[in-house]
Structures are given as structure tokens and as C-alpha cells.
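One structure is given here, and the rest of the page talks about it.
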2 protein chains.
Amino acid sequence: MQTTATGLTQAEETATRTDICAAPPPRHPRPDGQDRYTISEVVAFTGLTAHTLRWYERIGLMDHIDRSHTGQRRYANRDLDWLDLVGKLRLTGMPVADMVRYAQLVREGDTTYQERHELLEATRRDVLARIAELHDTLAVLDRKISFYADAQHARGTERTR
Amino acid sequence: MQTTATGLTQAEETATRTDICAAPPPRHPRPDGQDRYTISEVVAFTGLTAHTLRWYERIGLMDHIDRSHTGQRRYANRDLDWLDLVGKLRLTGMPVADMVRYAQLVREGDTTYQERHELLEATRRDVLARIAELHDTLAVLDRKISFYADAQHARGTERTR
DNA sequence: CGCTTGCTTGGAGTGCACTCCAAGGTCATA
DNA sequence: TATGACCTTGGAGTGCACTCCAAGCAAGCG
């Protein structure tokens with residue numbers, strides 16, 4: 001129980017790939033109490049608002065969260081792992097509805113491995129495409145930036161944007 | 001007149017930096033008629049809707065576009081260049097309001113070079129950060145994908161997301 | 001001339017992803 | 001035990017970036 005899809009903790013997952021800047025320490029040090037966090041602890045941990053956390057639950061983007069005897073939410077480490085994944089997927093621009101779809105597949109159990117696999121592959125392709133677009137954009141920015149840097153004291157007469 | 005900030009055409013700009021995949025041909029071959037395109041030509045060229053093009057003009061994201069003697073819009077090549085830049089900035093997640101700000105700076109003339117330079121530098125930093133985030137996300141995706149690939153026929157018992 | 005297609009406008013509507021509210025119950029500390 | 005910070009709910013509201021609408025003008029063609 002309580003493993004991620006890869007059986008690694010989030011900290012381990014983060015530390016593994018080190019493309020471009022030497023791996024930063026996991027920037028979400030866990031509250032690490034007794035695996036039953038209040039909503040405000042999760043707010044501090046994730047940077048999401050309490051509103052958003054409740055909303056995620058309502059729309060089925062999260063399982064129903066454990067409750068204390070009086071009905072208050074108590075989040076577990078695996079909920080934090082899930083929120084971490086959701087945060088990453090959000091960065092890719094994936095619509096919330098698609099993430100809900102993925103969450104449903106997870107709830108449906110082992111029979112949906114194939115479909116989950118395909119969904120992740122498609123997302124991966126999207127991410128690669130978006131990275132390529134951003135590199136393209138970066139090239140344009142660099143070009144304009146160097147123009148403005150050059151022009152700082154030698155102002156040309158050309159029409160410039 | 002009619003040069004971009006760098007004095008290069010869009011095609012030249014696109015072809016210069018070749019990071020990751022060998023430079024594709026400029027994917028927006030210009031209508032290349034007489035530098036006076038109708039709105040529907042620009043729609044075909046940019047992929048934006050006519051609604052959006054008019055809206056961009058209304059909010060000040062574009063200069064007032066030239067009109068025919070009957071009042072219809074006639075876009076020039078430099079408008080297409082501008083739309084190309086806007087499209088790139090949009091990909092970075094820059095809010096429309098910020099792009100409007102940049103457009104205003106351009107209209108205000110040479111005295112705003114410094115500010116434009118800073119705005120572009122800040123955008124550049126954002127893009128780099130976003131690329132780094134996406135690499136991070138890619139690592140997570142690859143990890144999960146390989147899990148699902150492995151598990152395809154040998155289903156483990158662990159709780160999996 | 002009539003028809004179709006395309007363009008014009010201001011203003012209203014849409015979809016997404018939150019974001020907040022009111023009214024009330026709970027928890028920790030003095 | 002009292003006080004104040006925290007948590008609960010359904011439903012309504014917000015901000016962004018479009019997106020569409022109705023009513024009407026204009027151009028090209030048989």
C-alpha cells in the first residue's frame with residue numbers, strides 16, 4: 001500500500017532525473033506527521049487553496065478523503081502523491097476533465113492499465129511538443145532581446161516591434 | 001519599414017535556431033499577395049478566428065488595421081509578423097493584458113526600449129522555468145509509462161495510481 | 001436584379017478553473 | 001469554559017480568453 005505507480009516515493013522520483021539544473025531538493029518537504037493531515041497542512045504543502053482541494057474532491061479528481069470522527073478531512077501521504085501528480089499534469093496544460101478521466105480509470109482498477117498507458121503516452125507527446133514550441137519561442141525572444149540590447153544606445157531608424 | 005525587431009523576416013527568424021529537430025519549413029507560408037489580406041485570409045494563415053482577430057484589435061493588442069475604401073480590414077505583412085509574435089507569447093502563457101502592455105510600449109516609440117527589453121527578459125526567464133518544469137513532468141510521465149508498460153502482462157498487487 | 005458570400009458593429013454569452021460566501025459546527029489554548 | 005482560529009456545506013460569483021449573435025452593408029456573379 002501507499003506506493004506510487006512506480007513504487008517510489010515522490011522524493012525519490014524527483015531526485016532521479018537531472019536534466020538541466022542539478023536536482024533541487026524536493027521542494028515539497030512533507031509535513032511528515034502521522035499521515036493524517038488537515039486541509040490547511042495540505043494547503044501549505046501544495047500551494048493550492050482549501051477551496052480548490054474541496055473542489056477537486058467534488059468533481060472526482062480526488063477520491064473521497066478520509067474523515068476524522070467529526071467529519072473533517074484528513075489527508076494521507078498517498079493523497080499528497082496524487083496531488084503532486086495532478087500538479088505536474090496541470091503544468092502540461094491538461095484539462096481538468098482529462099485528469100478526472102484518469103482518476104476514474106484508477107478507481108476502476110487493474111483492467112484499465114491499457115487505457116491509462118495510452119493516456120499517459122498521449123500526454124507525453126503533448127509535453128514534448130510544448131517543449132519544442134517553447135524552444136522556438138525562446139529563439140524569437142533571444143533575437144528580439146539582443147536587438148534591444150544592441151539598440152540601447154545606438155537607436156536605428158527602422159520600424160521596430 | 002516592414003522589418004521585424006531584428007530586421008529579419010519571420011521565415012528567416014524561424015530557420016535560425018535548430019535546437020532539437022532539424023528546422024521545419026516555416027509552417028505559415030504567407031498568402032503573399034499584395035500585402036493587403038482580408039480577414040479570412042488571415043484566419044487561414046494564423047488559425048485564429050475572425051472574432052478573435054477583431055477582438056485583439058478592440059483591446060489594443062493590435063494597431064488599428066488598414067481599411068479598404070468600404071471599411072473592410074486589410075492586413076499587411078507586418079500585422080502578420082505581429083500576430084506571429086503574439087502567438088508565440090501566448091504559448092508561453094503570457095496573459096493577454098501583458099501583451100497589450102507590450103503593444104502599448106511599441107506604440108509609444110523609441111523611448112520605451114528599456115522597458116520592452118526588461119519585459120522580454122522577464123518573459124525569457126518564465127519560458128526557461130516552464131521548460132524546466134516540463135522536463136520534470138516528463139520524467140514523472142516516463143516513470144509511470146514504463147511502469148504500465150512493464151505491468152501490461154505481469155500485474156502486480158500493489159496499489160497503483 | 002437577385003442571390004450568395006463575406007464583412008461590419010456593439011454587446012451579450014460561453015467554458016474553464018477556480019474563488020468566495022453564509023451559516024454553522026469543531027478544536028486548541030488560556 | 002470561553003474565545004478565536006479552523007473546518008464544513010451547497011451554491012453563487014469571478015476573471016480570463018475568447019465566441020457568438022443580430023442586423024445590416026458590400027462585392028461578385030448569372
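Throughout, protein chains are lettered first and strands after them, A, B, ... in sequence-line order, and every chain is numbered starting at 1. Note that this is a predicted model, so its numbers are computed, not measured.
At a threshold of 4.5 Å between non-hydrogen side-chain atoms, the residues A:I59 and A:V100 count as touching.
A side chain to side chain contact (heavy atoms under 4.5 Å, CB included) with A:L48 is found for exactly one of A:V86, A:I39, A:L83, A:V42, namely A:L83.
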Where along nucleotides 16-24 of chain C does protein come under 4.0 Å, by heavy atom, of base (B) or sugar-phosphate alone (S), with - for untouched nucleotides?
-SBBB----

Should B:L53 and B:R73 be marked as a side-chain contact (heavy atoms from CB on, under 4.5 Å) after you check the CA-CA gap, both sets of side-chain angles, and the distance that decides it?
CA-CA 10 Å; B:L53 288 168; B:R73 287 175 183 78; over 6 Å; no

Walk me through whether B:L89 and B:T123 qualify under side-chain contact (heavy atoms from CB on, under 4.5 Å).
CA-CA 8 Å; B:L89 293 179; B:T123 304; 4.2 Å; yes

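Note: A:Y148 and B:Y102 have perpendicular aromatic rings, judged against thresholds of 30 and 60 degrees for the angle between ring planes.
Rounded to whole angstrom, the span from the CD atom of B:E57 across to the C1' atom of C:dT8 amounts to 11 Å. Separating the CZ atom of A:R36 from the C1' atom of D:dC7 is a distance of 15 Å, rounded to the nearest angstrom. One interatomic measurement links the two molecules: OH of A:Y75 to C1' of D:dC7, which rounds to 11 Å at whole-angstrom precision. Residue A:I65 contributes atom CD1, which lies 16 Å from atom C1' of D:dT9 at whole-angstrom precision. In this structure, A:H64 places its NE2 atom 14 Å from P of D:dT8, rounding to the nearest Å.
The side chain of B:T38 contributes an N or O atom lying less than 4.0 Å from OP1 or OP2 of C:dC7.
Under the rule for a side chain to side chain donor-acceptor pair (under 3.5 Å), B:R130 has no partner lying at least two apart in sequence or in another chain.
Less than 4.0 Å separates DNA chain C from at least one heavy atom of each of the following residues of residues 66-74 of chain B: B:R67, B:G71, B:Q72, B:R73.
Distance check, rounded to the nearest 0.5 Å: CG of A:L138 to CD1 of B:I131 gives 5.0 Å.
No salt bridge links A:R116 with A:E108; every basic N to acidic carboxylate O contact stays at or beyond 4.0 Å.
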